[in-house]
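Throughout, protein chains are lettered first and strands after them, A, B, ... in sequence-line order, and every chain is numbered starting at 1.
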Amino acid sequence: MRFPVSAPTSIETLLQRAHQLTGQSFAQLAEDAGLVMPNDLKRDKGWVGMMLEQYLGASAGSKPLQDFPELGVELKTLPVDEFGQPLETTFVCVAPLVNTSGLNWLNSNVRNKLSCVLWLPIDGRRAVPLGQRVVGQPFLWRPTAEQDQALQRDWEEHMDRISLGEVEAITARQGEFLQIRPKAADGRALTDAVGPDGQIIQVRPRGFYLKKTFTRAILEQVFNAV
DNA sequence: CCGTGATCATAC
DNA sequence: GTATGATCACGG
């Protein structure tokens, strides 16, 4: 493997690259990429995801775009346990808290990000040293009509609250599959939002996350198809 | 500060 | 045991 890897020009190329990662250990991948592997992920929470982006040729940077804009594909690593079940929720994107009047599900960032996802299950077992963990079997996923509708219901519920100035009343328990939780560098990060009386208030930035029940269902649908 | 990549760690 | 709310690193 030579770095940097060029952007894949087709979904087939992207999938081929992803499949070549299956079964490889993080230690081996780090070495081949010339990366220093941390001892654990305590202070490097996004390390695995960023390394795999390099291998697949994802455009670097922090732009609010898909990882492969030309292919319309978003890359998501998904840490799983020994039973292949998700260990974490999945961050989707930041939640807009102001100027929400023109937003709807069809033009939403959430729907755009989730319209086509290359899921890359990874070994997330804490008991296993990071270098010994391996990459799982990738798969390309598009939401079914039912999944899209379920996400839309959650999204609209959340956006209604945000528009009505109820952002501070939103809890991660709300939403069947799509939740809203804080998303910030630390407790001091603040951003504009709509308050109860329509005024601008300062709140912790929020993000949309997929609950584990949702990603678990995707994994089951793909790997335990009856 | 914002958005990217996420996992941590404590309350439940 | 596990989900929620908090937090870590980095580029722009």
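Across the protein-nucleic acid pair, A:D192 atom CG and B:dG3 atom C1' stand 16 Å apart, rounded to whole Å. Rounded to a whole Å, the CD1 atom of A:I170 is 11 Å from the P atom of C:dG5. The interatomic distance linking A:F208 (CZ) with C:dT4 (P) rounds to 15 Å, in whole Å. A:N109 has its CG atom 9 Å from the P atom of B:dG3, to the nearest Å. Per the geometry, NZ belonging to A:K211 stands 9 Å off C1' belonging to C:dA3, to the nearest Å. Rounding to whole angstrom units, CG of residue A:D81 and C1' of C:dT2 are separated by 12 Å. For the pair A:Q54 CD and C:dG11 P, the interatomic distance rounds to 12 Å; values are reported in whole Å. Distance CG (A:L210) to C1' (C:dA3): 15 Å, rounded to an integer number of Å.
Mapping A:Q174 and A:A185 onto DNA chain C by nearest heavy atom places A:Q174 closer to the 5' end of the strand.
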A:Q132/A:S25 under side-chain contact (heavy atoms from CB on, under 4.5 Å): CA gap, chis, key distance, verdict = CA-CA 6 Å; A:Q132 294 177 21; A:S25 71; over 6 Å; no
Pairs: protein N or O with nucleotides 5-9 of chain B N or O, under 3.5 Å:
residue: B:dG5; atom: OP1; partner: A:D67; partner atom: OD1; Å: 3.0
residue: B:dG5; atom: OP1; partner: A:D67; partner atom: OD2; Å: 3.3
residue: B:dG5; atom: OP1; partner: A:E74; partner atom: OE2; Å: 3.3
residue: B:dG5; atom: N7; partner: A:K183; partner atom: NZ; Å: 3.2
residue: B:dG5; atom: O6; partner: A:K183; partner atom: NZ; Å: 2.6
residue: B:dA6; atom: OP1; partner: A:T77; partner atom: N; Å: 3.2
residue: B:dA6; atom: OP1; partner: A:T77; partner atom: OG1; Å: 2.5
residue: B:dA6; atom: O5'; partner: A:T77; partner atom: OG1; Å: 3.4
residue: B:dA6; atom: N6; partner: A:Y209; partner atom: OH; Å: 3.0
residue: B:dT7; atom: O2; partner: A:K45; partner atom: NZ; Å: 2.8
residue: B:dC8; atom: OP2; partner: A:R126; partner atom: NE; Å: 2.4
residue: B:dC8; atom: OP2; partner: A:R126; partner atom: NH2; Å: 2.7
residue: B:dC8; atom: O4'; partner: A:K45; partner atom: NZ; Å: 3.0
residue: B:dC8; atom: N4; partner: A:E88; partner atom: OE1; Å: 3.3

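A:E12 and A:Q16 share no donor-acceptor pair across their side chains, judged by distance under 3.5 Å alone.
Not one side-chain nitrogen or oxygen of A:Q179 sits closer than 4.0 Å to the OP1 or OP2 atom of C:dA3. The side chain of A:R173 places no N or O atom within less than 4.0 Å of a non-bridging phosphate oxygen (OP1 or OP2) of C:dA3.
Around atom CD of A:E220, more than 12 heavy atoms belonging to other residues, nucleotides or ligands sit under 6.0 Å away. Within 6.0 Å of CG on A:N107 lie more than 12 heavy atoms contributed by other residues, nucleotides or ligands.
Under the side chain to side chain contact (heavy atoms under 4.5 Å, CB included) rule, A:Q66 has a single partner from A:L71, A:V73, A:N112, A:V117, which is A:N112.
Here A:L190 lies in heavy-atom contact (under 4.0 Å) with sugar-phosphate atoms only.
Residues A:T89 and A:F214 have side chains not in contact (no heavy-atom distance under 4.5 Å, counting atoms from C-beta outward).
Taking the charged nitrogens against the carboxylate oxygens, A:R161 and A:E157 do have a contact shorter than 4.0 Å, which makes a salt bridge.
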